[in-house]
Peer 1: 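Let me begin by handing over the structure; questions about it come next.
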Amino acid sequence: MKIRILDASLARRIAAGEVIERPASVVKELVENSVDAKSESIAIELEEGGARSIVVRDDGDGMDETDLTLCVQRHATSKIAREEDLDRIATLGFRGEALASVAAVARVRIVSCPFSDQEAHEVRVTAGELEGPFPAGRGRGTTVEVRDLFFNLPARARFLGAARTEFLHSSRAVQRMALATPAIGWTLRHGERVALEAGQAASLLERIAQIYGAEVARALVPLEVEREGVRVSGYVSRPDLRRGNRRDQLFCVNGRPVSDRALSYVLASAYQRLLRPGAYPVAVVSIDLPFDQVDVNVHPRKEEVRFGASRAVQDALAQALHVALGSPHVAAPLLPEGRPFPARKAAGDSVAEPRLPLRVEAAVRQALRDQTDVRVEGTRRAIGQLHRTYLLVEGPDGLEIVDQHIAHERILYDGLRAERAKGEIPRQRFLIPVRLELSLEGAALVAAAREDLEQAGIGLDEFGGGTFLLREYPSLLAERQARQGFQAPIERIAELMGGGEKPKEALFHQLFTEIACAAAIKAGDRLPLDEQQRLVEQLMALDDWQTCPHGRPIVFAVSREELARRFQRR
Ligand code: ADP
Ligand code: MG
């Protein structure tokens, strides 16, 4: 490792800012350095929540004498050297500012040894004043001690919370890092107490079990999808495991724990129908993509990133979640594979037609009765509704089973997008406007986006106190659909916008997805046969009618051949 001082023009391109707010910020920066140094085990010790002392010991690639004196200077880093390096950062750190910032507000001592057969050295820095290097004793690796944080900024020190609160922040930072690095062994102590002990883990699942317990680990399903250069992996909880907040959700982008509103939102959407409001899944999700597709130089504490193609990332996550959470009732084969067909005929019996399950039979009989007055355009004929959830369709090559909600969602979504592509979406007025209730913060955000929303076919009047009147809706929707279709989407949009500027198109995508979902026919809605037929025809007219905007399948087909095989017709 060779540390250099960045030249002024490169230093200026680095998104600097307030880095050290509290002990947890120090802990985060120090453990990031230990991870970047390729340590195999990292030990952290805090006293009094970290305000009195923070010690981080690692066994990574240490620093020699020269590096030790450089590392505490501003813009001193071994991780980047040229402007181009900013476009492909593979390390957690890259600004060369953390140690300098810490050393400016605390008493710091760093002991480091680059190789086991070399001598160790130490430097001490107090409020920016460097002493050393002196020879010291320790094996390969680095120890950083930070004492009396903010001793020279008493006003700042007074703002620190109770030791327990401060420790909790640090502990969360360490947990997140530990989840991002299963191969590294971690220990965290607060005074006498061991708060975390996680030996090197063989897998992410093992690491999750170390941190959240075996019970949580058992309630997880794996994620695994790769598309358009984006790989999504990790674990999410089954719907029967839930949390009261989002704290146990972690996204790692190329190994870096980050917060990303849009990704959290995709996660929340995937669970929308599975969890009641206020319940959140556990998730540890890794997103890996080429380094040049992610800008990590956007947030002072490096907690957020910007994607080159954020839609592709969101779609990959949505698809991975969809596959993992599945809709077993949609995707599972009608009869489980490998189980012999039960009704074996006895010798001498005539070949009996196997009976359809009763409810299917009832649906088919009802359909036959209704059938006469329905006009069929094209090659598909709706023959009835199953469980008021699936449409049974006679297709050109067998039976097609269509999820009525997802199909309608897709039709509405594509319709909205097609209209948007032509310009402003045509609007229709309610006779009696619909009241929407938002939080005060949400209301402010929505008020600021009124023009954009109008382009999306949504006319709102602000009523005050968080209330809006929805006057106009996209005329593509039926009045009945529009009445129920906006409270949730507008809430979500406010939540999304709270995350900062979002490109308008991404917002529209989310908005349309939400509207389509909220306004679409639901599972459980009874549909007359002519409406079933119309839905099927609208669906087949789309370019891609196989999957919904989130990648869920819409149609499950049983081919004529399969039917013949099941009934042993040959
Ligand atoms: P950055 O991590 O952005 O490069 P820092 O101020 O955090 O900046 O650290 C400065 C430099 O000091 C790093 O680039 C690295 O070379 C060295 N360094 C810091 N901590 C360690 C450590 N635990 N082990 C080895 N080298 C370290
Ligand atoms: Mg660093």
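Both backbone and side-chain heavy atoms feed into the values below; hydrogens, waters and symmetry mates do not. Every number for a ligand or one of its atoms is a count from 1 in the order of the listing.
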Peer 1: Within ligand 1, which atoms have a heavy atom of Ala37 less than 4.0 Å away?
Peer 2: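 Per the distance check, 24 (N), 25 (C).
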Peer 1: When you measure from the side chain of Gln200 to the backbone N and O of Ala183, does any donor-acceptor pair fall under 3.5 Å?
Peer 2: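 A pair under 3.5 Å: yes.
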Peer 1: Considering only protein heavy atoms, which is closest to atom 24 (N) of ligand 1, and at what distance to one decimal place?
Peer 2: Thr142 OG1, 3.3 Å
Peer 1: Evaluating non-hydrogen atoms only, which member of Gly96, Ala103, Ala76, Ser34 is closest to atom 10 (C) of ligand 1?
Peer 2: Ala76
Peer 1: By the definition side-chain contact (heavy atoms from CB on, under 4.5 Å), identify the one residue from Leu46, Leu179, Val27, Thr187 that meets it with Val174.
Peer 2: Val27
Peer 1: Mind checking whether Gly62 has an N or O less than 3.5 Å away from an N or O of ligand 1?
Peer 2: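 The answer is no, given that Gly62 and ligand 1 share no N or O pair closer than 3.5 Å.
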Peer 1: Can you tell me how far the CG atom of Leu99 sits from the CZ atom of Arg74, to the nearest 0.5 Å?
Peer 2: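 Reported value, rounded in 0.5 Å steps: 11.0 Å.
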Peer 1: Check ligand 1 against Gly93 and write out every atom of the ligand that is under 4.0 Å from a heavy-atom position of the residue.
Peer 2: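 Those qualifying, in numeric order: 2 (O), 3 (O).
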Peer 1: Show the atoms of ligand 1 that are less than 4.0 angstrom away from any heavy atom in Glu97.
Peer 2: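 Contacts of ligand 1 toward Glu97, numbered from 1: 6 (O), 8 (O).
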Peer 1: Any N/O of Lys79 closer than 3.5 Å to an N/O of ligand 1?
Peer 2: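 Yes; the residue has a nitrogen or oxygen that sits under 3.5 Å from a nitrogen or oxygen of the ligand.
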Peer 1: Please work out whether any backbone atom (N, CA, C, O) or any side-chain heavy atom from C-beta onward of Ile3 is under 4.0 Å from ligand 1, and answer side chain, backbone, both or neither.
Peer 2: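 Contact part for Ile3 vs ligand 1: side chain (C-beta onward).
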Peer 1: Give a yes/no verdict on whether any heavy atom in Arg95 is under 4.0 Å from an atom of ligand 1.
Peer 2: yes
Peer 1: Will you find, in the side chains of Glu29 and Ser101, an N or O donor that is under 3.5 Å from an N or O acceptor?
Peer 2: no
Peer 1: Kindly identify the option in Ser101, Ser78, Pro114 whose heavy atom sits closest to atom 14 (O) of ligand 1.
Peer 2: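 Looking at heavy atoms only, Ser78 sits closest to atom 14 (O) of ligand 1.
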Peer 1: Should Ser310 and Gln293 be marked as a side-chain contact (heavy atoms from CB on, under 4.5 Å) after you check the CA-CA gap, both sets of side-chain angles, and the distance that decides it?
Peer 2: CA-CA 9 Å; Ser310 54; Gln293 292 293 303; over 6 Å; no
Peer 1: Side-chain donor-acceptor pair under 3.5 Å between Thr143 and Arg138, yes or no?
Peer 2: yes
Peer 1: Taking non-hydrogen atoms only, is Glu29 closer than 4.0 angstrom to ligand 1 via side chain, backbone, both or neither?
Peer 2: neither
Peer 1: Nearest to atom 6 (O) of ligand 1, what protein heavy atom do you find, and at what distance?
Peer 2: Leu99 N, 2.9 Å
Peer 1: Polar-atom distance check: Val144 versus ligand 1, any N or O pair below 3.5 Å?
Peer 2: no
Peer 1: For the pair Ser39 (side chain) and Ser34 (backbone), establish whether a donor and an acceptor sit closer than 3.5 Å, ignoring hydrogens and angles.
Peer 2: yes
Peer 1: Which protein non-hydrogen atom lies closest to atom 12 (O) of ligand 1, naming both residue and atom, and how far is it?
Peer 2: Cys71 CB, 3.3 Å
Peer 1: Looking at Asp59 and Arg140, is any side-chain nitrogen of the basic one under 4.0 Å from a carboxylate oxygen of the acidic one?
Peer 2: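 Not counted as a salt bridge, because no side-chain N and carboxylate O are separated by less than 4.0 Å.
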Peer 1: Mind checking the NE2-NZ spacing from His169 to Lys28? Nearest 0.5 Å is all I need.
Peer 2: 14.5 Å
Peer 1: Please say whether Ala100 places an N or O atom under 3.5 Å from an N or O atom belonging to ligand 1.
Peer 2: no
Peer 1: Please determine whether Asn33 has a backbone or side-chain N, O or S atom lying under 2.8 Å from the Mg ion (ligand 2).
Peer 2: yes
Peer 1: Can you report which non-hydrogen protein atom sits closest to atom 7 (O) of ligand 1, along with the distance?
Peer 2: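 Heavy-atom neighbour on the protein nearest atom 7 (O) of ligand 1: Asn33 ND2, 2.8 Å.
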Peer 1: Counting non-hydrogen protein atoms only, what is the nearest one to atom 23 (N) of ligand 1? Give residue, atom name and distance.
Peer 2: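 I find the closest protein heavy atom is Asp58 OD2, 2.9 Å.
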Peer 1: Please classify the Thr77 to ligand 1 contact at 4.0 Å (heavy-atom distances, strictly less than): side chain, backbone, both or neither.
Peer 2: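 It is both parts that get close, each with some atom under 4.0 Å.
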Peer 1: With rounding to the nearest 0.5 Å, note down the distance linking CD in Gln118 to CG in Asp64.
Peer 2: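 Between atom CD of Gln118 and atom CG of Asp64 there are 7.0 Å.
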Peer 1: Between Asp61 and ligand 1, find which residue part has any heavy-atom pair under 4.0 Å and reply side chain, backbone, both or neither.
Peer 2: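 It is the backbone that touches ligand 1; the side chain stays farther off.
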Peer 1: Return the residue, atom name and 0.1 Å-rounded distance of the protein heavy atom closest to atom 27 (C) of ligand 1.
Peer 2: Met63 CE, 3.6 Å
Peer 1: List ligand 1 atoms under 4.0 Å from Phe94, heavy atoms only on the residue side.
Peer 2: 1 (P), 3 (O)
Peer 1: Is it true that Arg109 and Glu145 have a side-chain N and a carboxylate O under 4.0 angstrom from each other?
Peer 2: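 Glu145 and Arg109: salt-bridged.
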Peer 1: Can you say whether the rings of Phe167 and His190 are parallel (under 30°), tilted (30 to 60°) or perpendicular (over 60°)?
Peer 2: parallel
Peer 1: I'd like to know if the side chain of Ser53 pairs up with that of Arg147 as donor and acceptor (distance under 3.5 Å, no hydrogens or angles considered).
Peer 2: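 Present: a donor and an acceptor within the cut-off.
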